[in-house]
Amino acid sequence: MEVGEDVTLLQSLITELRRGTLTLAVLSQLRSPQYGYLLVQSLEKSGISIEQSTLYPLLRRLEKQGLVTSSWDTTESRPRKYYVLSEDGRDIFEQLKAEWEKTSSELGTLLKGEEERESD
Amino acid sequence: MNLIEVYIGEVTKRLPESSREDIALELRSTIGDMLPDSATEEDVKRVLNELGSPVQMANGFRDWPMYLIGPQYFEHYVKLLKTVMPIALTVTFILFMTANVIDYNGTETIGAVFFHLLGDAISGLWNTFIQTLFWITLVFVVLERTNLKVTGSSHKWSADELTKVTTPPKKKKISKFELFSDLLFAAVWATLYFNAEHLLGIIRNGEIDVPFFNNEVLLSYWPLVSLALLTAVLLALYKILVGYWTKRLAIANTVHHVFATAVIVIMLLNDRLIHDDFTKLLSLSGTVQNVLLAAIGLFFVISAGIDMIKGFWKAKL
């Protein structure tokens, strides 16, 4: 395998790995109403970079699925669309979060075991 | 030139009308958020670069599939194509050969006829190939977008189902031959019906001398006849998908036969259907002719009846 191929393969695996976690990351920021750009910035602050062309469609899909609700705020000079978790969304988020914590600790144990075996 | 508006236009023109306005507003507001207070064109370009290609942005917003036929239907699609294509090509070939033998008037040399035939045959087969491919694909593309579920492929599979898998008895199976003759019959009926003017009658010197039917009257039934032909083809496709006789198939078979026979009977009941010249030639009295027509009608009713019963009998085996 060429080096270039290796890099693209790694890149696509990373993308795949991250894709599933993005929903959780976005949901976690929506306990209080947020608008799109603010969301990008707060995610970026925690080191999670998300393409804007991924974020807006994702928000729309979550709204369609009933996990978030949106409203336009036109009181300021620039109208902004705010998203916030719905009742269902909060439920789902808690469950998803628990699932993530479980997976992450399981994976942690698994990877640790691997390290120990390597050092033997 | 306002780059922002052009960008938004490039995104929204790829989206359904109903969501355009809202998405445009949101994009405009986001871009505004990303720009510093007194933005230069350089700033605008930087922000748009950050947003990325409008095509990609629009793709994200789209919620209909970006493929023609998804995994849910692909298996059925390939199966149907594989079964239908050889049959359709063979039927075309047979019809084509017959038509050419009938048309042969003996003025061309055998060599010329051969090359002429070869050219026609290739273009005819190609035409059938494309048409079959197109229509079957179209049906599946529509299915994909209407979200109909076929044979519960989405429900959770369990090993218990293996106990329910019984290879249907051989007698229940629908043979390739049966499918083939079904489609051939439909094609022959269609050809005869739509070309009755040139094909059905007493032929003298290579031309129709005494036609059997009043062509205008005959052809005035075209919507009904086309529908009957369509149900015949749909029934054959259904047979391919199921593979063996079931009660449902027997019911579908009955629906088709009742409808097709009704169409034939309705046509026979029209006393202007038979061409006057033909009546004169036969010089039958009105009553005898009506009895003959009734007999023909009865023949169709009985053969349809037999096929219907056969369907239910095979489903029960």
Side-chain angles (χ1 to χ4, degrees), chain A residues 8 11-12 14-16 18-23 25-27 29-30 32-45 47-84 86, chain B residues 2-40 43-67 70-71 145-147 154:
Chain A
T8 35
Q11 204 51 53
S12 84
I14 290 175
T15 314
E16 214 172 295
R18 282 207 176 151
R19 195 181 299 146
T21 65
L22 277 182
T23 310
V26 168
L27 287 177
Q29 300 302 302
L30 290 179
S32 55
Q34 301 261 16
Y35 60 90
Y37 189 56
L38 202 61
L39 203 52
V40 174
Q41 283 179 318
S42 62
L43 284 172
E44 237 156 43
K45 221 175 279 168
I48 294 175
S49 69
I50 179 168
E51 300 268 344
Q52 312 230 24
S53 60
T54 310
L55 178 68
Y56 297 105
L58 177 61
L59 286 169
R60 261 188 118 68
R61 206 151 41 234
L62 291 173
E63 190 181 0
K64 228 177 201 175
Q65 292 164 340
L67 301 184
V68 307
T69 53
S70 73
S71 55
W72 280 97
D73 177 13
T74 48
T75 49
E76 283 177 61
S77 63
R78 183 181 302 128
R80 279 179 179 141
K81 198 178 185 184
Y82 278 85
Y83 296 90
V84 69
S86 68
Chain B
N2 189 339
L3 287 180
I4 297 174
E5 287 311 310
V6 176
Y7 181 87
I8 291 173
E10 283 292 300
V11 175
T12 52
K13 78 175 187 192
R14 295 180 162 83
L15 296 172
E17 204 99 29
S18 55
S19 58
R20 272 181 202 171
E21 201 182 336
D22 196 59
I23 290 175
L25 267 176
E26 189 170 16
L27 281 176
R28 205 169 291 131
S29 132
T30 303
I31 293 169
D33 282 332
M34 292 166 81
L35 286 171
D37 282 338
S38 51
T40 63
D43 290 325
V44 172
K45 279 188 178 165
R46 180 181 50 77
V47 163
L48 294 183
N49 275 332
E50 208 175 308
L51 284 178
S53 132
V55 180
Q56 208 187 332
M57 180 69 90
N59 284 347
F61 279 113
R62 251 191 293 226
D63 47 11
W64 68 85
M66 296 274 285
Y67 46 77
R145 277 149 186 75
T146 46
N147 250 334
S154 57

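Labels below follow one simple rule: chain letters A, B, ... track the order of the sequence lines, proteins then strands, and each chain is numbered from 1.
Both the backbone and the side chain of B/Ser19 come within less than 4.5 Å of a heavy atom of chain A. The part of A/Arg78 that comes within reach of chain B is its side chain, from C-beta onward, which places non-hydrogen atoms under 4.5 angstrom from that chain. Both the backbone and the side chain of B/Leu25 come within contact range of chain A, judged by heavy atoms closer than 4.5 Å.
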Would you please test A/Glu44 and A/Ser49 for side-chain hydrogen bond (donor to acceptor under 3.5 Å, both in side chains) and show each step?
CA-CA 5 Å; A/Glu44 237 156 43; A/Ser49 69; 5.9 Å; no

Take A/Arg80 and B/Glu26, measure what salt bridge (Lys or Arg N to Asp or Glu O under 4.0 Å) needs, and give me the verdict at the end.
CA-CA 7 Å; A/Arg80 279 179 179 141; B/Glu26 189 170 16; over 6 Å; no

Full working for salt bridge (Lys or Arg N to Asp or Glu O under 4.0 Å) between B/Arg20 and B/Glu17:
CA-CA 5 Å; B/Arg20 272 181 202 171; B/Glu17 204 99 29; 3.5 Å; yes

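Annotation: B/Gln56, atom CD; neighbour count of heavy atoms from other residues, nucleotides and ligands within 6.0 Å does not exceed 12.
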